Amino acid sequence: MFSFSHHALSIIKPVAFLIGHDTTRRSQSLSVLRSYFFPPLSFSFIVHPSKRFKSSPPLSLSNPRMGSLSVFDEPLKYPSARRDESVFDDYHGVKIADPYRWLEDPDAEETKDFVDKQVELTQSVLQSCETREKLREKITKLFDHPRYDAPYKRGDKYFYSHNTGLQAQNVLYVQSSLDGEPEVLLDPNSLSEDGTVSLNTLSVSEDAKYLAYGLSSSGSDWVTIKVIRVEDKNVEPDTLSWVKFSGISWTHDSKGFFYSRYPPPKEGDIDAGTETNSNLYHEVYYHFLGTEQSEDILCWKDRENPKYMFGASVTEDGKYVLLYIEEGCDPVNKFYYCDMTALPDGLQGLRGKNDLLPFTKVFDKFDAQYQAIANDDTVFTFLTNKDAPKYKLIRVDLKDPTVWTDVLQESGNDLLESAIAVNGNQMIVSYLSDVKYVLQIRDLESGSLLHQLPIDIGSVFGISARRKDNIVFIGFTSFLTPGIIYQCDLSTELPHMKIFREISVLGFDRSEFHVDQVFFPSKDGTKIPMFVVARNNIPLDGSQPCLLYGYGGFNINLTPSFSVSRIVLSRHLGAVFAIANIRGGGEYGEEWHKAGSLAKKQNCFDDFISAAEYLISAGYTQPKKLCIEGGSNGGLLVGACINQRPDLFGCALAHVGVMDMLRFHKFTIGHAWTSDYGCSEKEEEFHWLIKYSPLHNVQRPWEQDSEQSIQYPSTMLLTADHDDRVVPLHSLKFLATLQYVLCTSMEKSPQTNPIIGRIECKAGHGAGRPTQKMIDEAADRYSFMAKMLGASWLE
């Protein structure tokens, strides 16, 4: 099946270490590109010096002060930033100023100076946060536990990832059997001193003789593919550069593999991941082992459609290579195939020629998602949302793709999240029912229900098996379950399910906490689900600190997962944690997604604001004790909500957010997000965007209502120099704007709550974060939150 790295899954569900074997719907087709464009959580950014953004030594303030809570003795002194009032753009007759356009150049000395001064300011604030070291100590202690992902089989070997606890990166192991002695196959920790080289994607050849793996540096989306011999762990000379948004899919003869890449940049020596140029002209190549990258076969390109994205996947029978084509982040794709057995001289015959692979076009419109689940020669089973916003399974003979047969019809209420062919003629089907997973075994041919698999309320973070396997491994996590890997034996009449591995966290007692799911009305009356996690028997008198998290975009689901940091917050700060499943996500299918995108994007902000109002009215918290948090598209969510309702929150943490909604499409992969946002170059869509773009809607709330002393909540914006997904300029420009409008543009500003930024070096959008960086950053941002909310430490 399609081999992709799991940016979205690994960040949503930190227990999972899924990197490229066959798991769920998002890993099986090019639709996973949506996760590359926007992973939902990004929690790993620390302020550190580097060659690119050099930080000055921390500034020691003897009497720091800020905030309406009077946590500091005197106001923060913000660094001044030049405003170029001459810069503006004309959008369909509307002139929009952009005085901080110069911050879009990360290499400019003025930008570096701005960053240095912001780092200095932020360090001064963090040094005053009393719980910082206590949080770091407690999170480190709880984080130090062994973690595993589900094993997967290739040839006669099993492969799995493991972390002993505090290793910077997970280590890949191989064993001859499930009971065999594990051997280290690849340890990314040996590849860099600071742990910033990470394993981005991998794929094992059919005979298990070779491992092809992609390495990412400093969290960048750029990947370098290498090859290692499994038997003797010898690294081959093969090196493939400028790979991005790509899986690795071997042909069954183990002579080579398909991958995707962009043309190398025209500039000379660049620091990959810091550039902002648009990613255009994706291409599919085939690499023969033992050859130079310059000799790779160009299999597919489309010069007329530079924004198209391509992914190639070899079918399980080894006969076909499938081509998935996407243009944006919507769950729609084109689908082509090529019969490799029909090539006169095989792939070898294309060497030295300029011919592309002769793909047959099956679905050639962006009208729905088509994802191959299994095939018997030309008869394919697809997961699709064609006329089925909650998805269904269909069977199509590629010889006549106009004739479809429904295998499993769309459910009336539940989202068909994934389907995996196993045990010959069966499949494991995963549904999402009110944001809770349901697992079933069904007949692959008829779709009929055979067995219901017993799982608790939580999330399935990976199903590891192929069609020929009768042993299936299932990863599970929940808010109060660090991780369980189930082994399910399908060779018996009744499936036998047992615990293969259980991840335990020393010092964590799930009986101390409880989880509730509530449904609250949004502004338009739509019922929105939300999970609330808290210690037992808390008083509902509004006295608790509360952390509200949201995402709401790109058809991505936020489902229950375990978090060491959240447990520490609940236990030692008395915090309530809530996840709101707002519109724009995929929790209820494509209609739920569309209800929070394009012209309806405001629904996301209304839903999140309504979630905050519910938590307050239900007695969980009060505005001055409520912190909101989100990453990426969720960073946009936080930015928009503090603009629209600054009175409702005491603190805001916005990670790597999209803050300039008028120019996002001009940088790296931003053009792919127009499917969810629209584009300012179109007049109607410009008017959607200008209404909520965080950068363009900063106002002084005390001027809107002179009778109330309202200011913005204490705010921390987080970004990183190698974030080539949502480039740092978004956070930098928004930070400069907030500080100017609210603070530095007037004497004795009512804005006493701090507005700070954390800009980390050698880090990206979130994937590949070393463990220590995750711990340090969690301690920093949550100690800031604790101080701003006035939360007391509880032993």
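Remember, predicted model here, so these are calculated numbers, not experimental data. Note that the numbering runs from 1 along the sequence shown for the chain.
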Visitor: Students often mix this up, so state it plainly: with edges at 30° and 60°, are the rings of Trp673 and Phe664 parallel, tilted or perpendicular?
Guide: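 Trp673 and Phe664: parallel rings.
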
Visitor: Here's a test for you: under ring-ring contact (aromatic ring centres under 6.0 Å, His included), which of Tyr370, Tyr337, Tyr336 qualifies with Phe363?
Guide: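 Going through Tyr370, Tyr337, Tyr336 one by one, the ring-ring contact (aromatic ring centres under 6.0 Å, His included) with Phe363 is satisfied by Tyr370 alone.
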
Visitor: Give a yes or no on whether the ring-centroid distance for Tyr324 and Phe310 is below 6.0 angstrom.
Guide: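 Ring centres of Phe310 and Tyr324 not closer than 6.0 Å.
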
Visitor: Show the nearest heavy-atom pair for residues Gly552 and Ile582, with the distance to one decimal.
Guide: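 Where Gly552 meets Ile582 most closely, the heavy atoms are CA-CG1, 3.5 Å.
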
Visitor: First locate atom CG of Leu636, then atom NZ of Lys601, and finally report the distance between them rounded to the nearest 0.5 Å.
Guide: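 Between atom CG of Leu636 and atom NZ of Lys601 there are 5.5 Å.
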
Visitor: In sequence, state the C-alpha distance, the side-chain angles, and the governing distance for Thr559 and Phe461, and then conclude on side chain to side chain contact (heavy atoms under 4.5 Å, CB included).
Guide: CA-CA 10 Å; Thr559 58; Phe461 66 70; over 6 Å; no

Visitor: Over all heavy atoms of both residues, which pair between Ala580 and Leu558 is shortest? Give the atoms and the distance, please.
Guide: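 Closest approach of Ala580 to Leu558: O-CD1, 4.5 Å.
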
Visitor: Among Thr360, Thr315, Asp377, exactly one meets side-chain hydrogen bond (donor to acceptor under 3.5 Å, both in side chains) together with Tyr320. Which residue is that?
Guide: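 Running side-chain hydrogen bond (donor to acceptor under 3.5 Å, both in side chains) over Thr360, Thr315, Asp377 with Tyr320 returns exactly one hit, Asp377.
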
Visitor: With side chains defined as the heavy atoms from C-beta onward, is the minimum distance between His593 and Asp676 less than 4.5 Å?
Guide: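 In short, these two side chains touch, coming nearer than 4.5 Å.
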
Visitor: Within the distance-only criterion (no hydrogens, no angle test), does the side chain of Ser459 pair as donor or acceptor with the backbone N or O of Pro560 below 3.5 angstrom?
Guide: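 Yes.
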
Visitor: Does a side-chain N-to-carboxylate-O contact under 4.0 Å join Asp414 and Lys436?
Guide: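 Judged by the 4.0 Å cut-off on N to carboxylate O distance, Asp414 and Lys436 do not form a salt bridge.
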
Visitor: Please find the pair of heavy atoms, one from Ser260 and one from His282, that lie closest to each other, and give the distance.
Guide: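 Minimum heavy-atom contact is CB-CE1, 3.4 Å.
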
Visitor: Going by heavy atoms in the side chains, are Asn697 and Gln644 under 4.5 Å from each other?
Guide: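 Not in contact.
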
Visitor: For Tyr91, check side chain to side chain donor-acceptor pair (under 3.5 Å) against everything at least two apart and list the hits.
Guide: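 Testing Tyr91 for side chain to side chain donor-acceptor pair (under 3.5 Å), a comparison that skips the adjacent residues, returns none.
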
Visitor: Checking salt bridge (Lys or Arg N to Asp or Glu O under 4.0 Å) against Lys334, which of Asp367, Asp302, Asp364 comes through?
Guide: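 Among Asp367, Asp302, Asp364, the one meeting salt bridge (Lys or Arg N to Asp or Glu O under 4.0 Å) with Lys334 is Asp364.
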
Visitor: Does the side chain of Tyr391 reach to within under 4.5 Å of the side chain of Gln369, using non-hydrogen atoms?
Guide: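 When only atoms from C-beta onward are counted, Gln369 and Tyr391 do touch, with a gap below 4.5 Å.
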
Visitor: Would you indicate whether the side-chain heavy atoms of Phe380 and Val362 approach each other to under 4.5 Å?
Guide: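 Sidechains of Phe380 and Val362: no contact.
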
Visitor: Looking just at side-chain N and O atoms, do Tyr588 and Asn557 make a donor-acceptor pair shorter than 3.5 Å?
Guide: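 Result is no, nothing qualifies.
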
Visitor: Which heavy atom of Cys604 sits nearest to which heavy atom of Leu637, and what is that distance?
Guide: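 Here Cys604 and Leu637 meet closest at O-CD1, 3.9 Å.
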
Visitor: Can you list everything that forms a side chain to side chain donor-acceptor pair (under 3.5 Å) with Asp376? Sequence neighbours excluded, please.
Guide: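 Once residues adjacent in sequence are excluded, the partners of Asp376 under the side chain to side chain donor-acceptor pair (under 3.5 Å) criterion are Arg467.
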
Visitor: Hey, which of Leu323, Leu357, Leu322, Ile248 is the one that makes side chain to side chain contact (heavy atoms under 4.5 Å, CB included) with Phe258?
Guide: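 Only match with Phe258 under side chain to side chain contact (heavy atoms under 4.5 Å, CB included): Leu357.
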
Visitor: Arg261 versus Ile225: any side-chain heavy-atom pair under 4.5 Å?
Guide: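 Contact flag for Arg261/Ile225 side chains = no.
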
Visitor: If you measure from OH on Tyr286 to CD1 on Ile297, what distance do you get to the nearest 0.5 Å?
Guide: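 Answer rounded to 0.5 Å: 7.5 Å.
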
Visitor: Heavy atoms, side chains only, cut-off 4.5 Å: are Val204 and Tyr152 in contact?
Guide: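 With C-beta onward as the side chain, the pair touches.
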
Visitor: Using 4.0 Å as the upper bound for N to carboxylate O, is an ion pair formed by Arg583 and Asp524?
Guide: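 Looking at Arg583 together with Asp524, the answer is yes, because their closest N to O distance falls below 4.0 Å.
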
Visitor: Is it the case that the side chains of Ser411 and Asn413 hold a donor-acceptor pair, with the cut-off being a distance below 3.5 Å and no angle test?
Guide: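 Judged by distance alone, the side chains do not pair up.
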
Visitor: Enter the distance from His687:NE2 to His92:NE2 here, rounded to the nearest 0.5 Å.
Guide: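 Here the rounded value is 7.0 Å.
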
Visitor: Kindly say whether Val379 contributes a backbone atom to a donor-acceptor pair with the side chain of Arg395 at under 3.5 angstrom?
Guide: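 No; zero donor-acceptor contacts below 3.5 Å.
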
Visitor: When rounded to the nearest 0.5 angstrom, what is the spacing between CD1 in Ile474 and OG in Ser430?
Guide: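 Interatomic distance, Ile474 CD1 to Ser430 OG, rounded to 0.5 Å: 9.5 Å.
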
Visitor: Any donor and acceptor pair, going by atom type alone, linking the side chain of Asp443 with main-chain N or O of Ser448 inside 3.5 Å?
Guide: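 Looks like no, no N/O pair under 3.5 Å.
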
Visitor: Only counting residues at least two apart or in another chain, list the ones meeting ring-ring contact (aromatic ring centres under 6.0 Å, His included) with Tyr308.
Guide: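 Result, ring-ring contact (aromatic ring centres under 6.0 Å, His included) vs Tyr308: Phe366.
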
Visitor: Which residues pass the salt bridge (Lys or Arg N to Asp or Glu O under 4.0 Å) test with Lys468, not counting sequence neighbours?
Guide: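 Lys468 satisfies salt bridge (Lys or Arg N to Asp or Glu O under 4.0 Å) with Glu206 only.
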
Visitor: Determine whether Leu393 and Met427 satisfy the following criterion, side chain to side chain contact (heavy atoms under 4.5 Å, CB included), listing intermediate values before the conclusion.
Guide: CA-CA 11 Å; Leu393 295 179; Met427 58 182 168; 3.4 Å; yes

Visitor: Got a sec, which residues hit ring-ring contact (aromatic ring centres under 6.0 Å, His included) with His696, two or more places apart in sequence or on another chain?
Guide: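 Result, ring-ring contact (aromatic ring centres under 6.0 Å, His included) vs His696: none returned.
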
Visitor: Can Asp317 and His252 be counted as having a side-chain donor-acceptor contact under 3.5 angstrom?
Guide: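 The answer is no; no qualifying pair exists.
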
Visitor: How far apart are the closest heavy atoms of Ala595 and Asn603, and which atoms are they?
Guide: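 That closest heavy-atom pairing would be O-ND2, 2.8 Å.
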
Visitor: Looking at Gln409, I want to see if its CD is surrounded by more than 12 non-hydrogen atoms of other residues, nucleotides or ligands under 6.0 Å.
Guide: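 No, because the 6.0 Å sphere around CD of Gln409 holds 12 heavy atoms or fewer from other groups.
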
Visitor: Using a 3.5 Å distance criterion without hydrogens, assess whether the side chain of Thr251 forms a donor-acceptor pair with backbone atoms of Gly256.
Guide: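 Side chain of Thr251 to backbone of Gly256: a pair is present.
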
Visitor: Would Phe554 and Tyr677 count as a close aromatic pair, with their ring centres under 6.0 Å?
Guide: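 Between Tyr677 and Phe554, which both carry aromatic rings, the centre distance is below 6.0 Å.
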
Visitor: Check whether any side-chain heavy atom of Leu240 lies under 4.5 Å from a side-chain heavy atom of His287, and answer yes or no.
Guide: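 SC-SC contact between Leu240 and His287 confirmed.
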
Visitor: Walk me through it: do Lys594 and Asp330 pass the test salt bridge (charged side-chain N to carboxylate O under 4.0 Å, His left out)?
Guide: CA-CA 9 Å; Lys594 289 300 184 187; Asp330 269 352; 2.9 Å; yes

Visitor: How would you list, by chain and number, every residue that makes a side chain to side chain donor-acceptor pair (under 3.5 Å) with Thr674, sequence neighbours excluded?
Guide: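 Side chain to side chain donor-acceptor pair (under 3.5 Å) check on Thr674 returns nothing, list empty.
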
Visitor: Does Tyr551 offer a backbone N or O that forms a donor-acceptor pair with the side chain of Asn633 under 3.5 Å?
Guide: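 Yes, because the side chain of Asn633 sits within donor-acceptor range (under 3.5 Å) of the backbone of Tyr551.
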
Visitor: Hydrogens and angles aside, do Glu590 and Asn385 bring a side-chain donor and acceptor to less than 3.5 Å of each other?
Guide: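 No, because no side-chain N or O of Glu590 sits under 3.5 Å from a partner of the opposite role on Asn385.
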
Visitor: For a quick test of reading the model, state the closest non-hydrogen atom pair linking Phe686 to Ser680 and the distance between them.
Guide: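 That would be CB-O, 3.5 Å.
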
Visitor: Side chain of Glu410, backbone of Lys392: donor and acceptor closer than 3.5 Å?
Guide: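 Between the backbone of Lys392 and the side chain of Glu410 there is no qualifying donor-acceptor contact (under 3.5 Å).
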
Visitor: Drop me the distance from Trp222's CH2 to Trp242's CH2, to the nearest 0.5 angstrom.
Guide: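 Here the rounded value is 6.0 Å.
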
Visitor: Could you tell me if the side chain of Ser632 sits less than 4.5 Å from the side chain of His655, heavy atoms only?
Guide: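 Sidechains of Ser632 and His655: no contact.
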
Visitor: Look only at the side chain of Gln517 and the backbone of Asp434, and say whether a donor-acceptor pair between them is shorter than 3.5 Å.
Guide: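 Checking the backbone N and O of Asp434 against the side chain of Gln517, a donor-acceptor pair under 3.5 Å is found.
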
Visitor: Can you measure from CD (Glu591) to CG (Leu415) and round to the nearest 0.5 angstrom?
Guide: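 It comes to 11.5 Å.
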
Visitor: Give a yes or no on whether the backbone of Asp660 and the side-chain of His730 come within a donor-acceptor separation of less than 3.5 Å.
Guide: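 Yes, because the side chain of His730 sits within donor-acceptor range (under 3.5 Å) of the backbone of Asp660.
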
Visitor: Distance-only, no hydrogens or angles: does the Ser522 side chain make a donor-acceptor pair with backbone N or O of Ser610 under 3.5 Å?
Guide: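 Answer holds: no.
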
Visitor: Step by step, would you call Leu408 with Val429 a side chain to side chain contact (heavy atoms under 4.5 Å, CB included)?
Guide: CA-CA 10 Å; Leu408 183 56; Val429 169; 4.3 Å; yes

